[in-house]
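For reference, the structure is listed below as structure tokens.
Keep in mind that the numbers below use all heavy atoms, side chains included, and drop hydrogens, waters and symmetry copies.
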Amino acid sequence: MGLYLNPNIDNFLEAFNSTIYIDKSLVINEFNKRIGVNGKFICQSRARRFGKTMLQNMVCAYYTKGADAKEYFSKLKISKELTEPKDIERYHKYMNNFNVIKLDFNGFWTKIKVTEKYIFFDKLFYTLKEEFEKEFPNINFSKCDSVAECIERVYADLQEHFIILIDEYDLFVREKVKPDMFQQYLDFLNSLFKNDAIKPAISLAYLTGILPIVRDKIQSKLNNFDEYTMINAYPFEECIGFTKEEVKNLCKQYNLDEKEFKRWFDGYKIEDKELYNSNSVVQSILKRKFQCFWGQTGSFEAISDYLKFDFEGIREDVTQLLSGREVAVNVSSFCNTLDKFETKDDVFTYLIHLGYLTYNSDEKTCYIPNLEVKEQWKNAIERMTNFGIVPQIIKESRNLIEATIHGEEKLVAESLERSHSLVMNNWQYNNEACFASAIILSYIAGYDYYTIFQELPTGKGYADLVFIPYKSSKPALIIELKVDTVVETAINQIYDKKYNLHLEQYKGNMRFVGIAYNKETKKHTCKIEEW
């Protein structure tokens, strides 16, 4: 038993014994089906804090010869819910029956001194070599043996098989290391996964990271891997974060508001699964509050650094995203590397993989998934200097909300007139959809207090915007937008079509807000009435 070769199960037990533990063990059955057959090389990428490392620790605990995990897995779904005889047979046969090599590149990278980064692989190979010698004392290893050669010797002498687990496999892409170190990394991948001599010795390889496989040098070393991402994850999508049902059960268990969890942390849809950021859900339960937990584990610069490329159309699309709309994206052109951004599609695809956007595969569009992530976008845009008036509009949004609540019609009209004029290009100005987007962007601070609906079915028609507060201290808002007509027409439509009927269960105060503008003069007017 070593740190990297046949490790113990302490990391798994730390999660297993935690206050909140969601059972993802059924995924092991999918891995078991691939042991020693085509499809045994798996690469799965997903965003930060979506459970990559915890899943690797569970997989390691199940397969490693370094411990006996039967007692713990007997309490999990994998031991109780399998029904096919072959699945049950494989479950018992494979448990703690493999030599596991588990490498956390990020952990090892942060462990060694800065001055020794350049000999990363030398130190890693030396440590692994020592563990091979302890685990297999009767085999004569050479001083210059690589990891692959150590595996080859064990397989040749003992016919023992290995499972290779690598977490943060994309570290050397994200760290932008020097070419010679990157070449060492490619040589390492090549020796393990493109070497016919040891392929039979490796029963399973499972790599996880944030970025998908880079489509140039790395791809040639990993082109025999099946890849699963934030865009296409079947059949592993349920392993990415928490599912809707899992969150629903947690809400019942801890007597918490499921709607608030949905508003804050839902919105990721991969295949047909509705998924939540698992770390944020857990933190929210433990701390009994809703806030942007994801932002505490990373920087919003991940957004702003790549929006600074300022590709054609990116400002307009970001405005649409901030207003709650979806924008078209071509996810097929991105090379999955950090030095080859050529279009706004590359930027948006990268942000999908990071979790700052999510992908609608049916419509081939992307959107901001939830309030937690929208907070990150607001923080990023507010600090940018190349986004024109948009950062200022975001900063002034809270004042606009208060002016609307207090019926300050002139201030509301002036604020919306300014934002509508400055956000949109002239050719877009008279586009009614863009008008709606500019209005929603101006009210972006409303997401702190409200659930915001666009085109909500109410009464005899569809209300343009409905703001339903999640705290009684704020009134509900029904907003009707009109073009080239008097503002009273907007207010009258709210009454005539009984838009408030959708809120008949709502017991708090309500404001009817009419907003109109003239295409020729670009003059905006506002009328606010209390209901």
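- Tyr169 is linked by a ring-ring contact (aromatic ring centres under 6.0 Å, His included) to nothing, counting only residues two or more places apart in sequence or in another chain.
- Between Phe341 and Phe334, the ring center distance clears the sub-6.0 Å criterion.
- In this view, Phe120 and Phe105, Phe108, Trp109, Phe172 satisfy the ring-ring contact (aromatic ring centres under 6.0 Å, His included) rule, not counting sequence neighbours.
- Residues Leu186 and Phe182 form a side-chain contact, since some pair of their non-hydrogen atoms from C-beta on lies under 4.5 Å apart.
- Put simply, the side chain of Ser419 gets close to the backbone of Leu416: a donor and an acceptor are under 3.5 Å apart.
- Remark: Leu275 CG to Lys269 NZ distance equals 10.5 Å, nearest 0.5 Å.
- Separation of atoms SG (Cys526) and NZ (Lys410) is listed at 13.0 Å; rounding is to 0.5 Å.
- For the 3.5 Å distance criterion, the side chains of Lys482 and Gln493 qualify, holding a donor opposite an acceptor.
- Just one of Thr404, Leu465, Ile405 meets the side chain to side chain contact (heavy atoms under 4.5 Å, CB included) condition when paired with Val513; it is Thr404.
- Between Met230 and Ser45, every side-chain heavy-atom pair lies at or beyond the 4.5 Å cut-off.
- Taking 4.5 Å as the limit, some side-chain heavy atom of Val318 sits within range of a side-chain heavy atom of Trp377.
- Ser280 is listed as a side-chain neighbour of Glu372, based on a closest heavy-atom distance under 4.5 Å.
- When all heavy atoms are compared, the tightest approach of Asn370 to Arg263 is CB-O, 3.6 Å.
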**OP:** Run the numbers on Glu402 and Lys474 for salt bridge (Lys or Arg N to Asp or Glu O under 4.0 Å), then give the verdict.
**Re:** CA-CA 10 Å; Glu402 292 301 316; Lys474 302 290 182 184; 2.9 Å; yes
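- Taking CD1 of Ile515 as the reference point, atom CG of Leu481 lies at 5.5 Å (rounded to 0.5 Å).
- Glu417 contributes a side-chain N or O that, together with a main-chain N or O of His524, makes up a donor-acceptor pair within less than 3.5 Å.
- A 4.5 Å side-chain heavy-atom check between Leu357 and Leu321 finds at least one atom pair inside the cut-off.
- Under 4.0 Å is where a charged nitrogen must lie from a carboxylate oxygen, and between Glu258 and Lys252 no such pair does.
- A donor-acceptor pair under 3.5 Å links the side-chain atoms of Thr110 to the main chain of Asn106, judged by distance alone.
- The ring of Tyr206 has its center no closer than 6.0 angstrom to the ring center of Phe41.
- Residues Thr53 and Asp104 fail the side-chain proximity criterion, which asks for heavy atoms closer than 4.5 Å.
- Under the rule for a side-chain contact (heavy atoms from CB on, under 4.5 Å), the partners of Thr358 that lie at least two apart in sequence or sit in another chain are Tyr268, Tyr367, Pro369.
- Taking the centre of each ring, Phe467 and Tyr447 stay at or above the 6.0 Å mark.
- Counting heavy atoms from C-beta outward, Phe31 and Ile42 have side chains that approach closer than 4.5 Å.
- Every residue two or more places apart in sequence or in another chain that forms a salt bridge (charged side-chain N to carboxylate O under 4.0 Å, His left out) with Glu168 is listed here: Arg174.
- In this structure, a donor-acceptor pair under 3.5 Å is absent between the side chains of Gln44 and Thr208.
- At least one side-chain heavy atom of Pro469 sits under 4.5 Å from a side-chain heavy atom of Tyr450.
- Annotation: ring-ring contact (aromatic ring centres under 6.0 Å, His included) contacts of Tyr276 (sequence neighbours excluded): none.
- Sorted by first and then second residue, the pairs that involve residues 343-370 and meet salt bridge (charged side-chain N to carboxylate O under 4.0 Å, His left out), not counting sequence neighbours, are Asp317-Lys344.
- Of the N and O atoms on the side chains of Arg398 and Tyr443, not one donor lies less than 3.5 Å from an acceptor on the other residue.
- With His353 as the partner, the side chain to side chain contact (heavy atoms under 4.5 Å, CB included) test is satisfied by one option alone out of Val331, Ile210, Ile231, Asp170: Ile231.
- Salt bridge status for Arg511 with Glu530: present, with a side-chain N to carboxylate O gap under 4.0 Å.
- Proximity of a side-chain donor or acceptor of Asn232 to a complementary backbone N or O of Tyr228 within less than 3.5 Å is not detected.
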